[in-house]
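One structure is given below, encoded as structure tokens.
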Amino acid sequence: MNALAKPVKYVFVTGGVLSGLGKGITAASIGNTLKARGLSVNIQKLDPYLNVDAGTLNPAEHGECFVTRDGAETDLDLGHYERFLDVQLTRNSSVMSGRIIRKLIDDERAGKFLGQTVQLVPHFTNAIMDAVISAGKGFDVHIVEIGGTVGDYESPAFFEAIRELGAVVGLENCLYVHVVYMPYLSTSKEIKTKPAQNAVRDLRSMGILPNVLVARSEVPTNGSTRTKLSAFCGVPEAGIAILPNARTVYEVPLTLEEQGIAEFIVKKLDLKTKKPNLKEWEKMVDSIVAIPKVTKKIGVVAKYMDNQDTYMSVFEAIKAASWAHDTGIDIQWVDAENIKSPADAKKYLQKLDGIVVPGGFGARGVEGKILAAQYALMNKLPYLGLCLGMQVGVIAAARLSGLKQANSAEFDASSPDKVIDTMHDQAGKENTGGTMRLGDYPCVIAKDSISARLYKRTNITERHRHRYEANNDYLDQYESWGIRAVGTSPDGSLVEMIEAIDHPYFVASQFHPEFLSRPNVPHPMFSGFIESLLKK
Ligand code: GLN
């Protein structure tokens, strides 16, 4: 590709009517269909709310905090982007107002504005445009999703920025996609387009005319809906995608393709492409919707119950591994706070085929997770520990071997046996943003471990997000506790993975393997977990 000769094409994805429509899935799916045509695609989320990053957002409300390879704490939509595009993004793909405002204020204090009045327009909007342009550099297409919906209090400057960008780079290089919702009235059995019309009007009032309309609905619609939307929203029928609820989110790229949306986009942006190659993706969707041969019960021992978004990448990783093994999964939430004794652990876990202990922060529910890990160790129940899940695995093994007060400094700073402890440079920074071991770190795996067999190699790199580490003072006791540190940092100073000795599958990592799982390429640790359930 000759980046100098060809202008970058921008696809802006905005939303109206309500949030939670799958705007991120839509943006990712558009990217998927463009990438399937041989184009190089980057993708970016602009989040208007005032946080600097997603690190301090409550996961129960906001969903998972996704971590990029370079250690940015971002919105969970980046996880969708990575899974749909099979790429590894960087912090450039996540822009929140707080980060831009902080830079503007720093620059203002440093006198960089030379006495100017610093304003939302042009200074804030210019900074947004700069972030978009610099992320898109060198790609054929750059997809930019704006979080929230048109009309939110925080967002006008973002809409103004993408409008202006159209003028700066030329409207022929930009395409605006608006994702809207059509409610279904069961009393009159009809789909209503009025809220969608209003949402398009809101967008037009900001000076943006959508080229593509993606209309979500909960039920299938008939042809007249498209005609009506086209007439009232000023978008040609060929640019309208109707997306009823899909069987799986991974079907969305195929639905867009069927409706000719990628072709419409390619034509509008005058892109030269290959024929789309979606064969592998189609095969994957077939395997996702196929009826599995067997179904296994997996317990997720956690404290944020009932909101799958909180553990989005974990669930996607479990599912990807299950699809690859033709296995149905019945995921059961186990509220860690309900496990107060070994008898409780037995009560909640004995009917399960395996358990996953995902990441987490804070003391609430942690004793229940430790009891669950002890149950898994004693009863040879398959166990997959992710970050906190490894830490409670170490604590569980230590306690079973007699160190009754073993704990993490995070939960009991006065414990005589802090088998999990603060990293020296992080002391005193608890409960603050951006003070963790974040992003990619290398790990070396012991040759004779389950993990080495699963990864099929011994040098790996995985993403991190944690403040505490296994305390090396206890390493030489591990074998007597029935566990091994099978993965460490290359210099041996940090424990990255543990396995239980003489156990069918007790594998846990200090890193978050779920971020590297792809729907069509399951992660080795998750694959191994599903395999161990099938052997039971
Ligand atoms: N709370 C633990 C730590 O900070 C684990 C973090 C996690 O699970 N992401 O080290």
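Every number for a ligand or one of its atoms is a count from 1 in the order of the listing. Here the structure is a predicted model, which means the values were calculated and not measured.
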The option among Met436, Arg465, His466 carrying the non-hydrogen atom nearest to atom 9 (N) of ligand 1 is Arg465
of all protein heavy atoms, closest to atom 4 (O) of ligand 1 is Arg467 N, 2.9 Å
Margin query: Would Arg453 pass as a cation-pi partner of Tyr455, given that its NZ or CZ must be under 6.0 Å from the six-membered ring centre and within 45 degrees of the axis?
Written below: no
For Phe158 and Phe124, I'd like to know if the aromatic rings sit close, meaning centre-to-centre distance below 6.0 Å.
yes
* is_close_aromatic(Tyr250, His80), centroid dist under 6.0 Å -> no
Answer yes if the ring centres of Trp333 and Phe315 are under 6.0 angstrom apart, and no otherwise.
-> yes
Atoms of ligand 1 under 4.0 Å from any heavy atom of His512, numbered from 1 in the order shown, are 9 (N)
### Message
Less than 6.0 angstrom separating the ring centers of Phe139 and His142, yes or no?
### Response
no
- ligand 1 and Leu386, any nitrogen or oxygen pair closer than 3.5 angstrom? no
heavy-atom search around atom 7 (C) of ligand 1 in the protein gives Cys387 SG, 3.0 Å
Using 4.0 Å as the upper bound for N to carboxylate O, is an ion pair formed by Arg364 and Glu337? yes
Do any nitrogen or oxygen atoms of Gly360 come within less than 3.5 Å of a nitrogen or oxygen of ligand 1? yes
closest protein heavy atom to atom 1 (N) of ligand 1 is Glu410 OE1, 2.6 Å
Original post:
Under 4.0 angstrom from ligand 1, any heavy atom of Gln510?
Top reply: no
